[in-house]
Undergrad: 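Below are the structure tokens for one structure; questions will follow.
FYI, side chains are in, hydrogens and waters are out, and symmetry mates aren't considered; it's all heavy atoms of this structure. Note that the structure is predicted; figures quoted are calculated from it, not measured.
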Amino acid sequence: MTTAPHPLLDTAHALAAGLLAPHAARVDQEGVPASHLDAIRRSGLLGVSAPKEYGGAGAPDAVAREIQEILAGACCSTWFVQTQHHTPVRMLAKSALPVRERLLGPLATGELLAGIAFAHVRAFPRVPVRATAERGGWRFDGTVPWFTGWGLNDVMLLAGVTEADDVVFAFTEAREGPGLRASEPMRLAALTAARTVSLELDGLWLPDDAVVLHTPQEKFALVDRPRNTNASPAVFGVAYAALRVLDEAGESETAGALRGRLDEVRGQVYALADHPVPYERVDERLALKTRSYDLMRAATTAAVVAGGGRAMGLDGTAQRLLREGMFLLVQGQTTDVRRAHLDALARL
């Protein structure tokens, strides 16, 4: 790790070592407990990127990224639930609408935990969720394919697309009610523990003062699309965790060789993430992202190989990291990312 010292990094390391990692195998099989999220709420980590005047830490992006690495490497399921929270915080921090004053403080301090229900907006021109102006607010109809943290989150950031091709983002409580129904939690090959459901919206009405962003879809896409061209910090967190398993298995030579390559790619990825123009150098970002995937896959596979038959046990760290890595291959995937990754795999 290369980030300058910060108190929240010490907090994240302590939380990972003392709570998340020791219970990761059980969480993987039984689900993320509310107590894990309560510990993260109390830690101050949910406000890492929030403005100080609202109770957050106002930490640099480099600190926020490293915290995500630490948490993902310790328990990817818990990481995935809490990572949803940071996008609403960042969006509120940039907003001038009334909802900022109502929610940014409680989200920055961890009083409230937020989830997100807007990945479907990236399917445009297909519109899974339609937003329609109605009665001084907005009506939402359609299906949210994925919502993570159901039963753990307090509020959700929901988005829909209007007939005029605007996107409307608004906050609502993360619970069933008139116009909002959740499926049973999905059984997945990895991260079932994160309590992911689909949501059926049938006339869910939210007032104007719940809206945090209303902008043309084209303008939103210009800012949003490049976000997923950069490798997620979780990819590095899981990869480094797998290398620690290799070290513990006595395979330090293999671990060292992979760690050197991973360090190099990580530095390049984060340098581009800090580039002031997020929609520039997209091809380079995608190439580094697929390279990051390659190294994560190599690290998690090596951990399984080093463990032999013992690695197949459901309580084994190596197989869990391998499955978590599989999940990260498609988490936040867009058409551009999928195409770049498949093209890279075809060249192997």
Side-chain angles (χ1 to χ4, degrees), residues 61 65 68-69 72-73 76 79-80 83 87 116 118-128 145-146 148 186 188-191 196 217-243 246 254 257-305 318-319 321-348:
D61 287 346
R65 285 193 296 257
Q68 298 311 305
E69 285 187 21
C76 200
W79 161 79
F80 192 48
T83 200
T87 297
I116 56 174
F118 68 79
H120 51 272
V121 171
R122 296 170 180 144
F124 188 85
R126 188 165 57 85
V127 180
W146 307 92
T148 293
M186 299 178 188
L188 306 171
L191 274 71
T196 297
Q217 184 278 333
E218 188 177 66
K219 183 177 180 181
F220 172 73
L222 182 66
V223 176
D224 178 66
R225 193 169 291 134
R227 290 174 181 156
N228 286 337
T229 62
N230 296 311
S232 165
V235 170
F236 300 109
V238 167
Y240 283 122
L243 296 183
L246 269 180
T254 301
L258 289 170
R259 185 174 288 109
R261 298 172 203 164
L262 192 64
D263 289 344
E264 180 181 1
V265 171
R266 176 183 181 269
Q268 293 171 330
V269 166
Y270 289 168
L272 275 181
D274 289 332
H275 189 279
V277 184
Y279 46 82
E280 289 184 351
R281 301 169 69 179
V282 169
D283 288 346
E284 186 177 353
R285 295 172 193 268
L286 288 172
L288 286 168
K289 182 165 188 165
T290 57
R291 179 62 175 153
S292 303
Y293 286 153
D294 290 343
L295 289 167
M296 176 185 66
R297 190 171 64 251
T300 55
T301 301
V304 170
V305 171
Q319 59 80 30
L321 291 171
L322 183 69
R323 289 187 290 108
E324 291 169 351
M326 178 180 65
F327 170 83
L328 293 174
L329 295 180
V330 297
Q331 186 254 328
Q333 186 187 66
T334 63
T335 301
D336 292 343
V337 171
R338 181 186 301 112
R339 183 72 269 145
H341 196 182
L342 289 173
D343 289 347
L345 290 171
R347 292 191 296 269
L348 289 178

Undergrad: Working to the nearest 0.5 angstrom, can you tell me the gap between Leu321 CG and Tyr240 OH?
TA: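 Reported to 0.5 Å precision, the distance equals 14.5 Å.
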
Undergrad: Check whether any side-chain heavy atom of Gln331 lies under 4.5 Å from a side-chain heavy atom of Phe80, and answer yes or no.
TA: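 In contact.
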
Undergrad: Do you know which two heavy atoms are closest between Ala303 and Ala242, and how far apart they sit?
TA: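 For Ala303 versus Ala242, the nearest heavy atoms are CB-O, 3.9 Å.
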
Undergrad: Among Leu288, Leu329, Leu345, which residue meets the side chain to side chain contact (heavy atoms under 4.5 Å, CB included) test with Tyr293?
TA: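 Of Leu288, Leu329, Leu345, side chain to side chain contact (heavy atoms under 4.5 Å, CB included) with Tyr293 is met by Leu329 alone.
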
Undergrad: How long is the straight-line distance from CD of Gln217 back to CZ of Arg122, given to the nearest 0.5 Å?
TA: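 Reported value, rounded in 0.5 Å steps: 11.5 Å.
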
Undergrad: On a heavy-atom basis, which atom in Cys76 and which in Val238 lie closest, and how many Å separate them?
TA: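 Shortest heavy-atom contact: SG-CG2, 4.2 Å.
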
Undergrad: May I ask you to check if Arg65 and Tyr270 form a cation-pi contact, with NZ or CZ under 6.0 angstrom from the six-membered ring centre and within 45° of the axis?
TA: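 Ring-cation test returns yes.
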
Undergrad: Going through the distances and angles, do Phe236 and Met296 end up as a side chain to side chain contact (heavy atoms under 4.5 Å, CB included)?
TA: CA-CA 7 Å; Phe236 300 109; Met296 176 185 66; over 6 Å; no

Undergrad: For Thr196 and Leu191, run side chain to side chain contact (heavy atoms under 4.5 Å, CB included): C-alpha distance rounded to whole Å, both residues' side-chain angles, the deciding distance at 0.1 Å, then the answer.
TA: CA-CA 9 Å; Thr196 297; Leu191 274 71; over 6 Å; no

Undergrad: Between Asp343 and Arg339, is there a salt bridge with N-O shorter than 4.0 Å?
TA: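 Between Asp343 and Arg339 there is a salt bridge, with a charged N closer than 4.0 Å to a carboxylate O.
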
Undergrad: Side chains of Thr229 and Lys289, heavy atoms from C-beta outward: is any pair under 4.5 Å?
TA: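 No, side chains not in contact.
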
Undergrad: Give a yes or no on whether Tyr279 atom OH has more than 12 heavy-atom contacts from other residues, nucleotides or ligands under 6.0 Å away.
TA: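 Count not over threshold, so no.
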
Undergrad: Evaluate the criterion side chain to side chain contact (heavy atoms under 4.5 Å, CB included) for residue pair His275 and Val277; output intermediate values, then yes/no.
TA: CA-CA 6 Å; His275 189 279; Val277 184; 3.8 Å; yes

Undergrad: Distance-only, no hydrogens or angles: does the Thr83 side chain make a donor-acceptor pair with backbone N or O of Trp79 under 3.5 Å?
TA: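 Not confirmed, Thr83 side chain does not pair with Trp79 backbone.
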
Undergrad: Can you find a pair of side-chain heavy atoms, one from Gln268 and one from Arg291, that are under 4.5 Å apart?
TA: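 Gln268 does not reach Arg291 side chain to side chain.
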
Undergrad: Under 6.0 Å from the CD atom of Glu280, do we count more than 12 heavy atoms belonging to anything else shown?
TA: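 Count over threshold, so yes.
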
Undergrad: Less than 4.5 Å apart, side chain to side chain, heavy atoms only: is that true for Arg338 and Leu342?
TA: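 Arg338 vs Leu342: side chains touch.
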
Undergrad: If I compare all heavy atoms of Asn230 with all of Ala273, which pair ends up nearest, and what's the gap?
TA: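 The pair with the smallest heavy-atom distance is ND2-CA, 4.1 Å.
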
Undergrad: Rounded to the nearest 0.5 Å, how far apart are CZ of Phe220 and CZ of Phe118?
TA: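 The CZ atom of Phe220 sits 5.5 Å away from the CZ atom of Phe118.
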
Undergrad: Could you give the distance from OG1 (Thr300) to CD (Glu324), rounded to the nearest 0.5 Å?
TA: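 If we round to the nearest 0.5 Å, Thr300:OG1 and Glu324:CD are 10.0 Å apart.
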
Undergrad: Is a side-chain N or O of Thr290 found less than 3.5 angstrom from the main chain of Ala287, in a donor-acceptor match?
TA: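 Side chain of Thr290 to backbone of Ala287: a pair is present.
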
Undergrad: Please report the shortest heavy-atom distance between Val269 and Ser292, naming the atom on each side.
TA: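 Where Val269 meets Ser292 most closely, the heavy atoms are CG2-OG, 3.7 Å.
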
Undergrad: Which residues satisfy the salt bridge (Lys or Arg N to Asp or Glu O under 4.0 Å) test with Arg285, sequence neighbours excluded?
TA: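 Checked Arg285 against salt bridge (Lys or Arg N to Asp or Glu O under 4.0 Å); zero matches.
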
Undergrad: Please lay out, stage by stage, how Arg225 and Asp336 fare under the test side chain to side chain contact (heavy atoms under 4.5 Å, CB included).
TA: CA-CA 9 Å; Arg225 193 169 291 134; Asp336 292 343; 3.8 Å; yes

Undergrad: Write out all pairs satisfying salt bridge (Lys or Arg N to Asp or Glu O under 4.0 Å) with one or both partners inside residues 292-302, taking only residues at least two apart or from two chains.
TA: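 Listed by first then second residue: Asp294-Arg297.
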
Undergrad: Got a donor-acceptor contact below 3.5 angstrom from the Asn228 side chain to the Gln333 backbone?
TA: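 Between the backbone of Gln333 and the side chain of Asn228 there is no qualifying donor-acceptor contact (under 3.5 Å).
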
Undergrad: Can you pull the salt bridge (Lys or Arg N to Asp or Glu O under 4.0 Å) pairs that have at least one residue in residues 226-238, sequence neighbours excluded?
TA: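 Matches after skipping sequence neighbours: Asp224-Arg227.
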
Undergrad: I'd like to know if the side chain of Arg323 reaches the main chain of Ala189, judged simply by a donor and an acceptor atom lying under 3.5 Å from each other, with no hydrogens or angles considered.
TA: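 Such a contact is found between Arg323 side chain and Ala189 backbone.
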
Undergrad: How long is the straight-line distance from CE of Met326 back to CG of Leu188, given to the nearest 0.5 Å?
TA: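 Going from the CG atom of Leu188 to the CE atom of Met326 covers 9.0 Å.
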
Undergrad: Could you grab the distance from atom CG of Leu328 to atom OG of Ser232, nearest 0.5 Å is fine?
TA: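 If we round to the nearest 0.5 Å, Leu328:CG and Ser232:OG are 6.0 Å apart.
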
Undergrad: Below 4.5 Å, heavy atoms only, C-beta onward: do Pro278 and Val223 meet side chain to side chain?
TA: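 The answer is no, as the side chains (C-beta and beyond) never meet within the 4.5 Å cut-off.
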
